[in-house]
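Whatever order the structure lists them in is the order used to number ligands and atoms, beginning at 1.
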Amino acid sequence: GPLPLSWNQTNLCRGFPGRKRSLRRKWRDPTSGCPEPSLLALGSEMSKLLIYDSARALHAAFLNGHHTAREIAACFLERIQKRDHALGAFLTVDEEQVLLQADAVDRKREAGEPVGALGGVPVAVKDNICTRNLKTTCASRILQRFVPAYDAHVVEQIRSADGIILGKTNLDEFAMGSSTEYSSFGPCRNPFDLKRVPGGSSGGSAASVAARLAPLALGTDTGGSVRQPAAFCGIPGLKPTYGRVSRFGVAAFASSLDQVGPMASNLDDLKMLYEVIAGRDRRDSTSRDVALARPMDPGSLRVGVLSLEGTGVQVEKPSMQAVEEVVALLETDGRSVERVEAPLWEHALSIYAVLSAAEASSNLARYDGLRYSSPPGEREGLKEHLLATREEGFGDEVARRILLGTFVLSHGYKERYYQRALDARRLLQEEFDRLFSHVDVLLTPTSPVAPFLLKERLDNPWEMLSGDYFTVPPSLAGLPALSIPVGLDSAGLPRAVQMVAPHWREEDLFALGRTLEEAVGTRPEPDFEREDRP
Ligand code: GLN
């Protein structure tokens with residue numbers, strides 16, 4: 001049943017003295033994530049084996065007829081049913097739809113028709129990505145009844161590659177946050193320690209992969225929301241180059257920054273999903289078809305490490321050590337690693353706070369109580385309806401950003417804040433251009449801190465955002481960035497490093513990432529996950 005977690009309601013209200021309404025979080029409808037046991041009746045030995053397979057292995061098992069797509073899907077449904085109570089990774093799982101998709105793919109294979117690159121592999125999808133006939137809430141009350149009539153481009157791509165959409169994962173409301181605690185339907189937890197956050201905003205996607213509730217997952221990343229939760233949950237996560245993946249059907253937060261990104265248990269699986277979602281789509285005019293670049297020989301990649309000297313940023317020891325260990329590893333491998341300075345890096349969070357809020361305030365104007373399923377109830381008139389819908393529908397963090405965004409765009413302040421932030425963003429982009437004239441890959445920690453305790457940062461939006469110190473700057477420059485797990489710290493929590501490359505050079509990240517992956521060995525495994533090991 002629902003977890004007995006009580007929220008500090010006064011803290012949530014801070015900064016909104018006028019906002020009075022019940023802030024008791026509504027917990028997930030406990031039936032929404034729980035498939036009927038009868039549908040899944042399976043030998044549990046089989047499900048134990050399959051959930052530990054890589055996506056690649058599952059696909060192979062499906063192709064050679066070892067397992068049907070239905071069997072594979074049922075294993076993950078059963079695992080979700082058994083384990084997700086403790087985690088809160090999924091908001092919606094429609095087991096019937098899942099099995100219908102699987103049956104269709106099985107029929108295709110049995111008929112001898114060609115099967116796509118994800119044939120038989122289940123994929124969890126963040127709940128701000130539209131899925132046809134499947135609720136898409138953005139973890140917001142304002143969309144709690146929204147059932148899209150269409151699939152996002154990335155979902156279409158997965159379906160046409162014969163992947164199976166497994167369910168919709170938990171997130172911070174409208175992807176605004178770094179811990180998945182700003183979800184209106186209750187937080188998600190970290191499988192390495194259930195008292196801690198999985199990161200965010202794609203926390204549900206990251207936790208589902210780390211806990212083996214799904215072999216693959218999609219997140220979205222505006223300022224770090226794929227990379228930081230991937231780091232917190234000990235799995236790899238990629239934010240592709242801005243424009244690499246179509247945003248059609250993805251609920252817009254900050255359109256000049258938003259990108260969909262893949263998460264998986266290992267880089268090979270991650271790449272499998274990445275290749276399916278990448279590419280131009282005419283419904284997103286910012287998407288482009290740039291050929292996947294041939295990777296450079298990882299041995300010849302020039303690596304730069306971001307120097308933190310003279311900056312005020314507080315980085316916990318394990319995060320710093322992770323980078324130092326990777327540097328040592330690369331150096332023993334005979335590579336020269338250069339320390340690089342990026343003085344404007346420090347201003348990125350301020351730039352991001354202004355620009356992302358400005359874009360969000362404009363993007364969220366579309367939720368007016370008339371479109372996207374309005375809540376029931378009679379209201380006096382149009383204006384009352386609109387005000388009441390937005391007042392009840394948006395959580396405090398979202399409201400805070402709409403207020404901030406409206407302010408920085410308002411007459412008299414636009415030049416002082418929005419325009420200056422745009423100018424500063426351009427300078428930061430030029431700094432990256434200079435940097436990438438002498439290195440090929442830039443190395444930083446992914447997060448300055450380890451996964452923190454639930455509620456620890458909830459009442460302090462700036463502290464929450466400061467965890468994105470390393471992930472935000474590459475986003476502002478539209479650069480691809482990959483977070484790679486590098487083992488556990490002494491407290492048993494995952495540590496990770498971030499690698500950033502020039503535009504369209506994802507392949508270099510994969511190449512260098514693989515070197516690390518091989519050196520580090522298999523990814524760390526939470527205790528949570530071991531419980532079902534045969
Ligand atoms: N944590 C950042 C924010 O709150 C980034 C979120 C994201 O990438 N979607 O805005």
Side-chain angles (χ1 to χ4, degrees), residues 125-129 138-140 169-183 187-188 197-206 217-232 237-240 242 245 247 250-263 348-364 394-405 408 421 425 446-449 451-452 456-483 498 500:
V125 175
K126 188 177 179 180
D127 206 25
N128 61 347
I129 300 176
C138 295
S140 179
T169 58
N170 207 351
L171 65 150
D172 290 293
E173 185 175 5
F174 284 105
M176 298 176 189
S178 310
S179 69
T180 316
E181 290 169 290
Y182 295 141
S183 164
C188 175
V197 303
S201 60
S202 312
S205 290
L218 285 185
T220 62
D221 192 314
T222 303
S225 279
V226 165
R227 291 160 281 164
Q228 184 257 21
F232 276 20
L238 172 76
K239 189 210 74 92
Y242 183 79
V245 179
R247 288 175 292 116
V250 180
F253 161 14
S255 314
S256 76
L257 296 156
D258 299 341
Q259 265 303 280
V260 175
M263 294 164 146
L349 282 181
S350 312
I351 303 171
Y352 173 85
V354 171
L355 294 181
S356 67
E359 294 183 27
S361 71
S362 161
N363 274 325
L364 269 58
F394 289 135
D396 292 291
E397 178 62 16
V398 172
R400 194 182 67 77
R401 300 205 191 200
I402 293 174
L403 288 179
L404 176 64
V408 300
R425 179 182 190 173
T446 305
S447 163
V449 296
F452 42 91
E456 195 180 315
R457 299 188 161 210
L458 199 54
D459 57 345
N460 190 336
W462 184 253
E463 198 186 15
M464 188 74 95
L465 188 61
S466 69
D468 297 333
Y469 182 90
F470 294 107
T471 49
V472 155
S475 292
L476 287 169
L479 298 165
L482 175 70
S483 179
Q498 171 181 244
V500 189

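Between Thr471 and Thr446 there is a side-chain heavy-atom pair separated by less than 4.5 Å. At least one side-chain heavy atom of Glu181 sits under 4.5 Å from a side-chain heavy atom of Met464. The shortest side-chain heavy-atom distance between Tyr182 and Met176 does not fall under the 4.5 Å cut-off. Counting heavy atoms from C-beta outward, Ser179 and Glu456 have side chains that stay 4.5 Å or more apart.
Sorted by first and then second residue, the salt bridge (Lys or Arg N to Asp or Glu O under 4.0 Å) pairs involving residues 169-180 (not counting sequence neighbours) form an empty list.
A donor-acceptor pair shorter than 3.5 Å cannot be found between the side chains of Gln228 and Ser178.
Every protein residue with a heavy atom nearer than 4.0 Å to ligand 1 is included here: Ala175, Met176, Gly177, Ser178, Ser201, Asp221, Thr222, Gly223, Gly224, Ser225, Phe253, Tyr352, Arg401, Leu465, Asp468.
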